[in-house]
Amino acid sequence: MSVERPESLPAARRPHRLAGGQPGLLTPGATTDPYRLRLYRLLRTDYPLGYDPGLGAWLLSRYTDVAQALTDPRFTGYPHDDGPRGRAPVPLGLCRGSLVCGPPAVPWSAAAPAVERTAYVLARRIAGRERADLVADFCRWLPAGAAEAAAGLSYPDLSTLPRGARHRRTGGGAGDCAGATALREHALASFLANMLDDPDLLAAATAGPGTGSGPGTLLGRAWTETLRRDPPVQIVLRRTRTEVAVSGGTLPADAPVACLIGAAGRDPARFGAPDRFDPLRTDADPLLIGPAGCPAALLGRLEAEHGLRALLTAMPGIRWAEGFRPVAGGLLTRGPRTLLVRPS
């Protein structure tokens, strides 16, 4: 059955008329796992351009189309036209797309020790348990502590942070990005899941004193690969300023567009073996990570590096709890809901 469109919606010109049967993003099960349901794959191959009435936007799922929507000045922010255009920062990866995003209240060289200290305090709390959930006991706490560190607080109160700072903005500058921590929780949980799934990679990435999380290091590449394969933000909204041709047809002017980041990051036309977690891949792409200078992105990298090292230092024998396998959930934002481990 064909999807009925409101009369007020401009029609997209297509080389062939879209047949009925296009899957909707909000169909039952899609919000749980669009990868397992092959929803993204079906959209990329059969419906590269189609209108989703539930979301109220045209869908772009192929890498080439999503990259164009993120960088072409014919696209602008949604719902406000004063949002980022072209290669200006867009809300991607861990960035919230703030136009006033600035440096943190304290230099990163000063924030890093506070992030590291917070990570080790949290890891030692878990170390004596027989079983722990890293999402509830670690991933929700570390980004909140890091947000306080970026705001200039050297010793955050670890008894109240997740409730008080999880969605708080610290007031100007870095607070617009760094103060809201929910996305970094998802990203950190996905990163830890990917690393704990591969003991050999885990050992190689953390071996030696000089293996930081810079972009060129194995640990840094693993973080970048996590943001490609398991992005915390699955959908970025844009708007066309004029008609724009894409691979599936032509988008009308002044049209809301949903860029499916989760689908583009696993497009086999752009990435080899796209479903595989491979930090050593030669076709990595910084586009899907977001602005390099975003305070949230910088904090996220610090949390990944220091968080993983703190866990391994406090619990060198950490492993998945018996019978547990990490499972991600969510459509607009996505990440593992639990990470059950045996600390020793």
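Computed from heavy atoms alone, side chains included, the values below leave out hydrogens, waters and symmetry copies.
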Quiz prompt | Ring-face cation contact, W141 with R125, 6.0 Å cut, 45° max | solution = yes

Any donor-acceptor pair under 3.5 Å linking the side chain of [X] with the backbone of [Y]?
X	Y	answer
R238	A69	yes
R241	F75	no
D137	A132	no
S344	G317	no
T250	V246	no
T240	A255	yes

Smallest separation among heavy atoms of [X] and [Y], with atom names:
X	Y	value
L331	P34	CD1-CG, 3.8 Å
L218	P279	CD1-CB, 4.0 Å
V135	A189	CG2-CB, 4.1 Å
L192	C139	CD1-SG, 3.8 Å
A193	L339	CB-CD2, 3.8 Å
P343	A127	CB-O, 3.7 Å

Contact check, side chains of [X] and [Y], non-hydrogen atoms, under 4.5 Å:
X	Y	answer
L196	W320	yes
V341	R131	no
Y47	S61	no
P286	T224	no
S190	P232	no

Exercise. Decide whether L42 and L26 are clustered together by the hydrophobic rule: side chain heavy atoms of Ile, Leu, Val, Met, Phe, Trp, Tyr closer than 4.5 Å, transitively.
Key: yes

Quiz prompt | Hphob cluster co-occupancy, L280 + L202, side-chain heavy atoms under 4.5 angstrom | solution =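 Yes, because L280 and L202 connect within a single hydrophobic cluster, where side-chain heavy atoms sit under 4.5 Å apart.
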
Looking at residues at least two apart in the chain, or sitting in another chain, which of them share a side chain to side chain contact (heavy atoms under 4.5 Å, CB included) with [X]?
X	answer
L332	I235
T338	D133, F324
D198	D200, L201
R38	R41

Self-check item: Worked check of side chain to side chain contact (heavy atoms under 4.5 Å, CB included) between L60 and L251
Solution: CA-CA 10 Å; L60 296 180; L251 284 164; 4.3 Å; yes

Quiz item: Hey, is CZ on R319 packed in by over 12 heavy atoms from elsewhere, all under 6.0 Å?
Solution: yes

Value rounded to 0.5 Å, distance of [atom1] in [X] from [atom2] in [Y]:
X	Y	atom1	atom2	answer
Q22	D46	CD	CG	10.5 Å
R334	Q234	CZ	CD	6.0 Å
H306	T118	NE2	OG1	10.5 Å
L308	I318	CG	CD1	9.0 Å
H186	R337	NE2	CZ	9.0 Å
R140	T181	CZ	OG1	10.5 Å

Self-check item: Full working for side chain to side chain contact (heavy atoms under 4.5 Å, CB included) between L134 and I126
Solution: CA-CA 9 Å; L134 293 183; I126 301 172; 4.1 Å; yes

Quiz item: With sequence neighbours left out, what residues match Q68 under side-chain hydrogen bond (donor to acceptor under 3.5 Å, both in side chains)?
Solution: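 Q68 satisfies side-chain hydrogen bond (donor to acceptor under 3.5 Å, both in side chains) with no residue once adjacent residues are dropped.
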
Practice problem: Output all residues satisfying side-chain hydrogen bond (donor to acceptor under 3.5 Å, both in side chains) with T226, sequence neighbours left out; order by chain, then residue number. | Solution: N194

Quiz item: Considering residues at least two apart in sequence or located in another chain, which fulfil the ring-ring contact (aromatic ring centres under 6.0 Å, His included) criterion with Y120?
Solution: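 So Y120 forms no ring-ring contact (aromatic ring centres under 6.0 Å, His included) with any residue.
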
Self-check item: ring-ring contact (aromatic ring centres under 6.0 Å, His included) partners for F191, two or more places apart
Solution: W223

Could I get the full list of salt bridge (Lys or Arg N to Asp or Glu O under 4.0 Å) partners for [X], not counting sequence neighbours?
X	value
D52	none
E225	R228, R281
R342	none

Exercise. Output, in order, the C-alpha distance, side-chain angles, deciding distance and verdict of side chain to side chain contact (heavy atoms under 4.5 Å, CB included) for L43 and L25.
Key: CA-CA 10 Å; L43 288 172; L25 289 181; 4.1 Å; yes

Expected list for residues 258-270: side-chain donor-acceptor pairs under 3.5 angstrom, two or more places apart:
from, atom 1, to, atom 2, distance (Å)
R266, NE, R229, O, 3.0
R266, NH1, D275, OD1, 3.3
R266, NH2, R229, O, 2.9
R266, NH2, D230, OD1, 3.1
D267, OD1, A269, N, 2.9
D267, OD2, Y63, N, 2.9
R270, NH1, D283, O, 3.1
R270, NH2, D285, OD2, 3.4

Exercise. Take R325 and D197, measure what side chain to side chain contact (heavy atoms under 4.5 Å, CB included) needs, and give me the verdict at the end.
Key: CA-CA 9 Å; R325 293 295 305 159; D197 253 355; 2.8 Å; yes

